[in-house]
Amino acid sequence: MSATTAGHGAIDDGIQAVAPDWTDGKRYAWLLGLVVPMIPFIAWGLVELTGLDVFWWFGPAFIFGVMPLLDQLGGNDTSNPPEAVIKWLENDHYYRWCTYLFIPIQYAATIFAAYMFASGDLSTIAAIGLAVSLGTTNGIAIANAHELGHKRESVEKWLARIALAPSLYGHFMIEHNRGHHVRVSTPEDPASSRMGESFYRFLPRTIIGSLTSAWHLEASRLRRAGKSPFTLKNDIINAWALSVVLWGGLLIAFGPGILPYLLIQGVIAFSLLEVVNYIEHYGLLRQKLEDGRYERCRPEHSWNANLVASNVFLYHLQRHSDHHAHPLRRYQVLRHFDDAPNLPTGYAGMIVLAMIPPLYFRVMNRRVVEHYDGDVTKANINPPVRDRYLRKFGGGSKGGSTPSATPSAA
Amino acid sequence: MAKYQCPECGRIYDEDAGDAREGFDPGTKISEFPADWTCPDCGVRDAVDYVKVEEAPAG
């Protein structure tokens, strides 16, 4: 299969790929992303330096302390690269190497932590702290895998699987690209949260729904080719095989005693991904067209944040609207849109809110209603609270009906 | 037989060649794709959105 031109996504042709006068203010900032896989090493360094075991918990402190603090200092960044440099910027391999380099450090950190769990030098609390910190690394690694997994290049698709192996989330690449992106911001997507759905209700729905959907997608692809789904050609099975090799290798090298800590870090890692999923499309809904298809995913169907610090650590993941409208765009060229829905703060702060549902609803429900100009019937509302929300937010009079593509009357 | 292209990401489907990975034998028309098939690269566009870019010479 060849891919050449077209569209706004796979910017390939049309614009000359010459080095422009423009310089990328964030060019070297992207190297800061490599701090994330170093979190377990930084934790160790801080413990050595201070003698305080509490620093084994540096991972959560990084997300909930360091990142928000840097966001405060760094402020907002609404700058976009000019159209004329997009192709040149996409083809600059420096940016790719920033994401590739993450992975060897991530693996070094995972092996280092496994060694520490087995060493007997850590108290149970300290070891749990290190497991949570490693989970932070391997959770944010899913953002890195996400960037790589969207690309056509098979080396990047393989690197994505490798980055997902520690968190047992290899099926994410299938479900995310062929499930979530297709059904995003519709009630059919397990990874799009609904208005009035708490994170704790969303979590089992997205974990189970994404897993079963991924399997169905791969099984039907292989069935078309006349193959059984139980083959290494199944991209879920070959991705999971990497997890078996990694986890098996660690258990053989360091003993079965590290298993509880590996499990803790895995659960933390994929829960971190899922809480970010929870935030990214909360309550947003693509309307159905007359032919029964959903309207195409547009910038208005994702929540965004423009805080420069957290965007650098997450490879512009918070510029989520442009990503969903044009999923093949590389992170360095993702754009800010003035009129796309904006979160009140970055993902780090939103994660804290998500863990306290009444607070999250208080902050976000109002924004969903505002986004739909007061017409709550246009939102993706959790069915059990639908009637209550229609009364509470007083949108339209068509209680219970699925919003259709009628012209916005509001 | 013709070639079609995804208007979002530029992926090409060539009816003559088919697409082994997707399970389409050579000669499979894009109109014969399952209704729920979406572009495997971008996930933004469906089979009906693919644009004809080249009519293959008869043969």
Side-chain angles (χ1 to χ4, degrees), chain A residues 1-14 149-154 157 173-184 188-189 213 216-227 229 233-235 286 289 291-298 301 323-329, chain B:
Chain A
M1 193 220 58
S2 68
T4 46
T5 43
H8 308 86
I11 315 114
D12 268 318
D13 280 285
H150 269 292
K151 303 302 174 287
R152 280 188 241 265
E153 286 76 1
S154 71
K157 284 209 186 312
M173 234 180 69
I174 297 298
E175 173 53 23
H176 180 83
N177 291 11
R178 302 204 65 173
H180 172 63
H181 268 266
V182 172
R183 295 175 302 215
V184 62
E188 286 80 22
D189 181 28
S213 166
H216 282 301
L217 286 165
E218 266 306 81
S220 62
R221 178 180 75 82
L222 291 159
R223 205 179 306 119
R224 282 200 303 265
K227 296 192 183 91
K233 287 199 164 31
N234 181 327
D235 282 342
R286 284 153 66 197
L289 304 173
D291 64 2
R293 297 162 78 200
Y294 283 104
E295 65 179 320
R296 195 166 7 127
C297 183
R298 287 198 310 252
H301 300 122
H323 167 63
H324 265 276
H326 308 298
L328 267 77
R329 278 189 168 235
Chain B
M1 296 290 118
K3 281 185 187 173
Y4 291 83
Q5 184 171 41
C6 176
E8 164 54 32
C9 73
R11 189 181 202 272
I12 300 260
Y13 176 69
D14 179 348
E15 292 183 336
D16 279 322
D19 186 333
R21 195 189 141 74
E22 285 297 305
F24 301 129
D25 292 332
T28 307
K29 290 197 168 130
I30 200 162
S31 56
E32 296 164 351
F33 281 15
D36 61 352
W37 188 87
T38 55
C39 178
D41 281 356
C42 70
V44 176
R45 294 305 198 108
D46 309 331
V48 293
D49 298 319
Y50 267 53
V51 180
K52 189 185 280 190
V53 286
E54 188 186 312
E55 194 81 53

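Everything numeric in this text was worked out from a predicted model, so none of it was measured.
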Tell me, for [X] versus chain B, whether the close heavy atoms (under 4.5 Å) come from the side chain, the backbone, both or neither.
X	value
A/H324	backbone
A/R221	both
A/R293	side chain
A/D235	side chain

Handout entry: Reported CG-to-CZ distance for the pair B/D41 and A/R178, which is rounded to 0.5 angstrom
Key =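 CZ of A/R178 is found 8.5 Å from CG of B/D41.
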Exercise for the section: Mind checking the CG-SG spacing from A/L328 to B/C6? Nearest 0.5 Å is all I need. Expected result: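 Answer for the CG-SG pair, A/L328 versus B/C6, is 9.0 Å.
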Handout entry: Per-residue contacts, residues 20-32 of chain B versus chain A, heavy atoms under 4.5 Å
Key =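 Within residues 20-32 of chain B, the residues that come under 4.5 Å of chain A (heavy atoms only) are B/A20, B/R21, B/E22, B/G23, B/F24.
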Practice task
Could you pull out the closest heavy-atom pair between B/V44 and A/A325, with the gap in Å?
Solution key: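 So the minimum-distance heavy-atom pair works out to CG2-O, 4.0 Å.
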Handout entry: Contact summary for B/C9 and A/R152, nearest pair of heavy atoms
Key =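 It is O-NH2, 2.6 Å.
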Exercise for the section: Report the option among A/R183, A/H181, A/K227, A/R296 that has the most heavy-atom pairs separated by less than 4.5 Å from atoms of chain B. Expected result: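 Going by pairs under 4.5 Å, I would pick A/R296.
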Exercise for the section: State whether the number of non-hydrogen atoms from other residues, nucleotides or ligands found under 6.0 Å of A/K157 atom NZ is greater than 12. Expected result: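 Atom NZ in A/K157 is crowded, with more than 12 foreign heavy atoms closer than 6.0 Å.
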Practice task
Pick whichever of B/D14, B/D49, B/D36 has the most heavy-atom pairs under 4.5 Å with chain A.
Solution key: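 When all of B/D14, B/D49, B/D36 are compared, B/D49 has the most.
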